[in-house]
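Predicted model, so just to flag it, every value in this text is computed and none were measured.
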Amino acid sequence: MAIISVGGTVTGWSEGARNLLGYRPPEVVGHPFSDFLINGEYPEVAGACLTEAREWSGTAAVRHRDGHRVDLPLHLHPTFSDDDTPQAFVVTATAGAGEAEPDRRMVEWAFTQSSVALSTYSTTSRSWQWNAVAHGGEQPSPTGRMTGRPADGDGAQTAAGHAGGVESRQGQAAEAGTWPYSDLLGAGRSDEGFLRCVRRVAEEAKPGRYEHLAPAAPSAHRRAWTIEMWPVRSPDTGQVAGVGAAAFDSTEQVAARQRLALLNEAGSRIGTTLSVRRTVQELAHLVVPRFADSVTVDLLDSVTRGKEPPPGPADAAVVLRRVAHQTADGVPDTEIGEADTYPPRSPPARALTSGRTVLCGRDDPDFTRWVAAGMGGSAPVAEHGFHSIMAAPLRARGLTLGVAVFARAAGSQPYEQDDLLVAEELASRAAGSVDNAGRFSRERANALTLQRSLLPRHFPKQAAVEVAHRYLPIGRGAEVGGDWFDVVPLSGTRVALVVGDVVGHGIHASAAMGRLRTAVRTLAGVDLPPDELLTHLDELVTHLTSDNDVRNAPDPGQIGATCLYAVYDPVSRLCTMASAGHVPPVVLFPDGTVRVVQLTPGPILGVGGLPFEPTELELPEGSLLSLYTDGLIEARGHDLGVGLERLCGALASAEPSLDVTCDIILRALLPESPADDVALLLARTRALHTDQVAAWSLPSDPAIVADARAQASRQLATWGLTDAASITELVVSELVTNAIRYGDAPIGLRLIRDRTLICEVSDASSTSPHLRRARTYDEGGRGLHMVTQLTQGWGTRHTPTGKTIWAEQRLPAHGP
C-alpha cells in the first residue's frame with residue numbers, strides 16, 4: 001500500500017510495498033509516483049481518475065528497484081479533506097498486502113474490493129478514533145485530523161460489510177478493548193485475540209498479522225479476514241503513537257485451505273483398518289459437519305458380501321446396501337444395512353451409470369422429485385431442507401463399488417464446482433480403501449480356507465486320551481501362519497500328539513505346514529520313536545529347503561519349523577516326547593499340581609546335524625496335557641516366562657469340559673486381536689487297567705504254541721468274547737510260531753481289549769517279517785497272508801529291546 005498526493009507525489013510507503021518492489025520509504029517518499037512507472041506516466045484511465053478524484057482499478061507496469069518490470073493490479077482510492085476537496089489517494093496492490101508506515105499520519109486502512117475505511121488507534125489514550133466511512137453514495141460527517149471516504153458510486157461497503165453498524169460510531173472514541181470493525185467478529189463482539197495482537201505490535205514496534213474466521217454454520221462459507229498491522233510513529237517524537245491495520249477479505253483463500261486440510265486429514269483418517277464397513281464410516285464421520293450436513297454411503301450388495309463387482313459403471317437398477325449414514329444433528333433417519341435401488345434419473349443413479357460425480361440443486365427437477373420422495377430412505381426435504389447435493393461414485397481399478405451422497409441443508413451454502421473436486425477426491429480415497437479392504441477380506445478368506453483344509457477337522461476315535469483343540473489365525477493381515485496340530489492313533493492303543501509351527505506367514509508357510517503334517521503322519525504310521533521321527537522330519541525339511549532354493553532362485557526361501565511330538569501309552573501310562581525347538585508342554589496333574597515339562601529341546605527343523613533327545617514322563621490317569629504354539633504365550637511387553645506363568649494359572653482353573661477349558665485359556669492369555677497364529681491342543685489321559693490287558697511270557701519252544709492258543713481262548717472267555725476265539729487262536733498261532741522260528745528270546749504275548757481286540761507278540765530280534773504270496777506248492781508264506789485277510793490290520797513296531805508284531809481285529813457287534 002502506498003499514499004500519493006493529488007499532485008502525484010508519494011507521501012506514504014508500506015513495508016509490504018518495500019517487499020514487493022524493493023524500494024525503502026526514504027527512496028520513494030517525496031518523489032513523483034510516475035518516476036517508478038515503466039512508461040513514466042500513469043495509464044490514461046488512471047490519470048483521468050486522479051483528475052476527477054474517483055476510484056480506479058487496473059494494471060500498471062512498475063519498475064522494480066533492481067530494474068526488472070513488475071505488472072501490478074492496482075486500486076486507487078481517493079480521500080477527501082473536510083471541505084470535500086481531494087487530499088490524497090490510497091494505492092493498493094493485490095499482488096501483496098504488507099505492513100504500512102504512513103508518513104506523518106496515524107491511520108488504519110481496511111478495504112474489501114472497492115471500499116476503504118479509516119480510523120486510528122492511539123497508544124496514548126489506548127482507544128480507537130473512527131474518522132470516516134461511506135456506504136454507496138452516503139458521506140457521513142467526518143471527524144478527526146484526517147478523514148477519508150471512497151468516491152461516490154460503485155455501491156461500496158465497509159470492511160465490516162455493514163455500513164449502518166459502523167456509521168453509528170461516527171465521531172466517537174471507542175473504549176479500550178473495542179474497535180470499529182467488531183462486526184467482523186460476528187454479533188458485534190470484540191475479539192481478545194485481535195486486541196492482544198494490536199498491543200503486541202504497539203509494544204514491540206514490529207508488524208503483525210491476525211487472521212479471523214467469522215462464526216457460521218460448519219458447512220457454510222465463513223467470512224474470513226486477514227488483518228495486517230504495523231506500528232505508526234509520531235512525527236514529532238519518533239515514538240510509536242498508534243497502530244495501523246489493513247483488513248483483507250481472505251474468505252476464498254481460507255476456504256481453499258480448509259478444503260486442502262480436509263483432504264489431508266482424509267489421508268490419515270480414511271482406511272485406518274482393513275474393514276469395508278469401518279472405512280466408509282470413517283468417511284462419514286470426517287465430512288459431517290465440515291463438508292456436508294448429511295452423508296450416506298451405499299455399496300453394491302456384492303461388495304458387502306465380499307465379492308468383486310463387475311468392471312465398469314454400475315447399472316441403474318443395481319442393488320445397493322446402506323453401509324454408513326451421518327447427519328449434523330446426529331439423529332439417524334435411515335437404517336444401516338437396508339438394501340435398496342435408486343430411481344433411474346435420481347442423482348445417485350446418474351452417478352453410478354456415468355461413473356462421474358453429479359452436482360445438483362433445487363433447479364434440477366430430478367433432484368426435486370428424488371428429495372421429495374425421501375432420498376432413498378433419508379428424511380424428506382421438508383424436514384431438513386436439503387437444497388444441494390453431490391453424488392460421487394466410489395470407483396477403484398475400473399470397478400464401481402458404490403456411491404456417496406453429500407447433502408447440504410438450510411443454513412449452509414450450496415455446493416460449488418470447487419466442492420465437486422473435493423467430493424471426487426474424498427470418494428476416490430474412500431473407494432481405494434474399500435477396494436483394499438475387500439481384496440484383503442477375499443485373500444484372507446482364501447488363505448484361511450487353504451490352511452483349514454490342511455488342518456484336521458475331526459480326530460478318529462481312540463482310547464488313550466480325550467482331546468479338544470483350538471486354532472486362531474492372526475488377527476491382522478491376509479497372511480496366515482503355519483501352525484498345526486494333530487492326533488494320530490498308533491498301535492497298541494497308543495496315541496501320538498503333535499503340534500508345530502512353520503516360521504513365517506503366508507501361502508508358502510501354509511503349504512509347508514501341509515507337507516510337514518503329512519510327513520509326520522507317514523512317519524507316525526511306521527511307529528518311530530519321537531526322537532527318530534524328528535530326525536527324519538529334519539532331513540525332509542532340509543531337502544525341501546534345497547528344492548525351494550533351486551526352483552525359486554530369484555527369491556530363495558528357507559523353510560524352518562518347530563515341532564513337538566509326544567506318544568502316550570495308556571497301558572504303561574508313559575508319555576515319551578521330543579522337541580525340535582518348540583515351546584514346552586504344560587501338565588495339570590490330577591492332584592491340582594501344574595508343571596511345565598522340562599525338555600531338552602533340539603534345534604528347529606531344517607538346521608540338521610544335531611540329535612533330538614527324548615523325555616519320558618509318567619502321567620497318572622486324568623492328567624491334562626497342554627500342547628500349543630508360541631503365539632499363545634508370546635506377547636509384546638513380556639517374555640515367555642510370564643506367558644508360561646499365565647498359562648499355568650489358566651490351566652489350574654480347568655473345567656471338566658475340555659472345550660470350556662480351551663476358551664478359558666484363550667481368554668486369559670490372548671488379546672482381542674492376536675499378533676500371531678495360535679494352535680492349542682488339550683489331551684486328558686485315560687488308562688487301560690488289568691481287566692483290559694492280559695500278558696504272558698513264552699519260552700522259545702514250538703510246543704508252547706498250543707498252550708498259547710489255549711491261554712488266549714480262556715482269556716477271551718473271561719472277557720465274554722468267545723465269538724472272536726477262532727480268529728484269535730489262528731492269529732496267536734501264526735505270530736508266536738514266527739517269533740519262535742525267526743526271532744530271539746524272550747518272547748511275549750499280550751492281548752488288549754478296547755474298541756478292538758489287539759494281539760501282540762514281541763521278541764528280541766529286530767528283523768521284521770514281510771508279507772509274501774505263497775505259490776501252489778510252497779509250504780510257507782501263507783500265515784501272514786491269512787492274518788491280513790482275517791484282521792483289520794497288522795504291523796511291526798521296533799522297541800529298544802527288539803520288535804513287536806501286532807494284529808487288530810474287530811469285535812463282534814454284541815461284544816462288550
Taking atom [atom1] of [X] and atom [atom2] of [Y], what is their separation to the nearest 0.5 Å?
X: Leu599; Y: Glu613; atom1: CG; atom2: CD; result: 11.0 Å
X: Leu688; Y: Arg573; atom1: CG; atom2: CZ; result: 8.5 Å
X: Glu634; Y: Leu644; atom1: CD; atom2: CG; result: 10.0 Å

How about Arg595: does its CZ atom have over 12 heavy atoms from other parts shown lying under 6.0 Å from it?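 Incorrect, the count does not exceed 12.
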
Taking only Lys NZ, Arg NE, NH1 and NH2, and the carboxylate oxygens of Asp or Glu, determine whether Glu466 and Arg684 approach each other closer than 4.0 Å.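 Salt bridge present between Glu466 and Arg684.
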
Salt bridge flag under 4.0 Å for residues Lys307 and Asp301: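 A salt bridge is absent here (no side-chain N lies under 4.0 Å from a carboxylate O).
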
Would you say the side-chain atoms of [X] pair up with the backbone N or O of [Y], donor to acceptor, closer than 3.5 Å?
X: Trp806; Y: Ser762; result: no
X: Asp538; Y: Gly606; result: yes
X: Arg517; Y: Asp486; result: no
X: Arg755; Y: Gln462; result: yes
X: Thr522; Y: Thr518; result: yes
X: Lys803; Y: Ser765; result: yes
X: Thr279; Y: Val434; result: no
X: Arg494; Y: Ser491; result: yes
X: Tyr568; Y: Arg686; result: yes
X: His582; Y: Ala561; result: no

Applying side chain to side chain contact (heavy atoms under 4.5 Å, CB included), can you list everything that pairs with Ser275, at least two apart in sequence or on another chain?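 Listed in chain order: Thr273, Arg277, Arg278.
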
Name all residues meeting the side chain to side chain contact (heavy atoms under 4.5 Å, CB included) criterion together with Thr756; count only those two or more places apart in sequence or in a different chain, and write none if there are none.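 Thr756 satisfies side chain to side chain contact (heavy atoms under 4.5 Å, CB included) with Ile758, Gln792, Glu808 only.
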
Nearest heavy atoms of [X] and [Y], plus distance in Å:
X: Asp763; Y: Gly743; answer: OD1-CA, 3.6 Å
X: Val587; Y: Leu651; answer: C-CD2, 4.2 Å
X: Cys575; Y: Leu619; answer: CB-CD1, 3.7 Å
X: Val678; Y: Asp483; answer: N-OD2, 3.7 Å
X: Cys759; Y: Leu749; answer: SG-CD1, 3.9 Å
X: Trp794; Y: Val787; answer: CB-CG1, 4.4 Å

The test is side-chain contact (heavy atoms from CB on, under 4.5 Å); show your working for Leu647 and Ile665 and say whether it passes. CA-CA 7 Å; Leu647 174 58; Ile665 292 174; 3.7 Å; yes

Counting C-beta onward and ignoring hydrogens, is there a side-chain heavy-atom pair between [X] and [Y] closer than 4.5 Å?
X: Cys563; Y: Ser579; value: no
X: Leu588; Y: Ser626; value: no
X: Ile740; Y: Ile704; value: yes
X: Arg646; Y: Ile633; value: no

Can you list the steps and then say if Asp591 with Thr593 is a side-chain hydrogen bond (donor to acceptor under 3.5 Å, both in side chains)? CA-CA 6 Å; Asp591 62 1; Thr593 304; 3.0 Å; yes

Applying ring-ring contact (aromatic ring centres under 6.0 Å, His included), can you list everything that pairs with Phe485, at least two apart in sequence or on another chain?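 Residues passing ring-ring contact (aromatic ring centres under 6.0 Å, His included) with Phe485: His469.
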
